[in-house]
Amino acid sequence: MDKSWMHSDRRSKAYELGVEAFLNFSVENLLTTTHIRCPCVKCVNLKLFGVGIIRDHLYFNGVDQSYKNWTFHGEPWEAATNASRNVEEDDDHSRYSFVSEEIEMDDNDFGDFGSDPYEFANVIGDGDQPLYPGCKKYTKLSALVKLYNLKAKYGMSDVCFTELLILQGDLLPEGNTIPASMYEAKKTLCALGLSYEKMHACPNDCILYRKEYEDLTHCPNCGISRWKEGKDSILKEGVPEKVVWYFPPIPRFKRMFRSHETAKSLTWHAARKSIDGYMSHPADSPSWKLLDDKWPEFGNEPRNLRLALSSNGFNPHNSLSSRYSC
């Protein structure tokens, strides 16, 4: 695949043909036109969009030229990368083997923990790495999470946060592991926070612009434009009026089973027994038992999760006075 277009002028024919070739390559390999990582310089493969939005981003923002191996879009890993990562894979499997032993998982149950199955293991490695040689209070990961919480809490801009990281790196002893930019911090925290999708929505909540509605510019129900209107009453094409954030739950469920303590808690209901006849856990309730009777195949697998809707204990960034979490 010719990638020379990535270094061409965005107004050139070579860039235009390269963008179309890249999009065709992605659709052919990923078999989707709506959930593709955007490789523009602003999204840097952290956000998923449809083909039309990605095309606009590549023209408006430009392509991330450091993205040389298109692994997020179906290109195989380079041979050298594969060879070095085979060792990491064996180490990662043994590191989390206690989870599979505890809940009787086999190799097939590890599944796909993200677009890059090694990213989360790398983050765990950052959790063991001291912030600087001899530091016992903070690791690279814990320091970065605390700093990022400050950014979210006080609304720091990306530029301000980058300057703060640079200053922190200068203040700390030599050999510290603080990222040097917001871009590096994002790459680390992306694997920790899992993926999310931004979906354009009708301002009146009629539809989401996805699937059969992906390429529409006006809502088929109420007729309102998809795009935001500027002060001069001119529509800003490419700037949505309303955006919905979607957090896919299944990758998060898989991540929960990678923690020894969380895995025990998730399957504890199968091992416990009510000895006093009173309802002390949802597993003692008639609703739980009705579900087990109605779908016995589901109920016989302790790792299957029963979901309930609740906002109790919702505490983003631990910014509230509550000390517990549900």
Side-chain angles (χ1 to χ4, degrees), residues 1-85 112 114-119 122 158-159 162 179-191 194-200 208-217 226-228 234-240 243 245-246 248:
M1 173 68 70
D2 179 22
K3 300 177 184 176
S4 59
W5 64 271
M6 298 173 69
H7 303 280
S8 303
D9 190 299
R10 278 181 269 166
R11 297 166 293 183
S12 67
K13 189 67 176 177
Y15 190 86
E16 179 185 344
L17 294 174
V19 168
E20 295 306 317
F22 167 77
L23 293 174
N24 291 335
F25 175 82
S26 302
V27 171
E28 288 174 5
N29 284 281
L30 303 179
L31 302 178
T32 178
T33 59
T34 57
H35 296 80
I36 301 175
R37 291 183 181 270
C38 178
C40 78
V41 294
K42 289 189 176 180
C43 297
V44 289
N45 289 310
L46 299 178
K47 301 177 182 178
L48 292 90
F49 295 109
V51 169
I53 302 298
I54 294 175
R55 181 183 289 109
D56 292 343
H57 281 203
L58 291 175
Y59 283 117
F60 295 150
N61 305 328
V63 66
D64 176 15
Q65 295 183 5
S66 66
Y67 184 45
K68 297 177 181 178
N69 197 28
W70 297 345
T71 50
F72 290 117
H73 299 87
E75 186 175 16
W77 290 100
E78 294 175 357
T81 307
N82 278 334
S84 64
R85 286 197 164 183
D112 177 15
S115 55
D116 181 357
Y118 305 96
E119 284 181 345
N122 291 338
D158 289 358
V159 175
T162 295
S181 66
M182 177 64 188
Y183 174 72
E184 290 183 24
K186 261 187 178 180
K187 286 182 73 174
T188 300
L189 294 174
C190 177
L194 291 169
S195 62
Y196 62 89
E197 299 172 33
K198 285 185 178 181
M199 302 178 184
H200 295 184
L208 293 173
Y209 287 100
R210 58 193 295 267
K211 295 185 177 178
E212 67 269 26
Y213 303 126
E214 181 191 358
D215 297 322
L216 297 183
T217 57
R226 173 180 184 171
W227 310 121
K228 201 166 192 174
I234 297 177
L235 293 176
K236 299 180 179 179
E237 190 169 344
V239 181
V243 176
W245 291 50
Y246 172 64

Close aromatic pair by centroid cut-off 6.0 Å: Tyr246 and His35: no
Between SG on residue Cys38 and CG on residue Asn45, distance to nearest 0.5 Å: 7.5 Å
Atom pair CD1/CG of Ile53 and Leu48 - distance to nearest 0.5 Å: 13.0 Å
From CG (Leu208) to CE (Met199), nearest 0.5 Å: 6.0 Å
Under 3.5 Å donor-acceptor, Asn69 side chain and Thr71 backbone: no
Closest non-hydrogen atom pair between Ser8 and Ala14, with its separation: OG-CB, 4.1 Å
Validation row: Val19, Tyr59 side chains within 4.5 angstrom (heavy atoms): yes
Interatomic distance, Phe72 atom CZ to Leu46 atom CG [nearest 0.5 angstrom]: 8.0 Å
Min side-chain heavy-atom separation Lys3-Lys68 under 4.5 Å: no
Val44 backbone acceptor or donor facing Tyr183 side chain under 3.5 Å: no
Minimum heavy-atom distance Pro248-Glu197, with the two atoms named: CG-OE2, 3.9 Å
Over all atoms of both residues, closest heavy-atom pair of Arg10 and Phe60: NH1-O, 2.7 Å
Under 3.5 Å donor-acceptor, Gln65 side chain and Met6 backbone: yes
Donor-acceptor contact present, side-chain Tyr15 to main-chain Gly62, <3.5 Å: no
Backbone of Leu216 reached by a side-chain donor or acceptor of Arg226 within 3.5 Å: yes
Sub-6.0 Å ring centroid separation between His73 and Phe22: yes
Pairwise side-chain contact, Asp64 with Cys43, heavy-atom cut-off 4.5 Å (strictly under): no
Pairwise side-chain contact, Trp227 with His200, heavy-atom cut-off 4.5 Å (strictly under): yes
Nearest non-hydrogen partners of Leu23 and Ile54, listed with the distance: CD2-CG2, 3.8 Å
Nearest non-hydrogen partners of Glu214 and Val51, listed with the distance: OE2-N, 3.4 Å
Point-to-point distance, once rounded to the nearest 0.5 Å, from NE2 of His57 to NZ of Lys42: 8.5 Å
Heavy-atom closest contact (Gly18 atom, Trp5 atom, distance): CA-CG, 3.4 Å
Side chain to side chain donor-acceptor pair (under 3.5 Å) contacts touching residues 16-25 (sequence neighbours left out): Glu20-Arg55
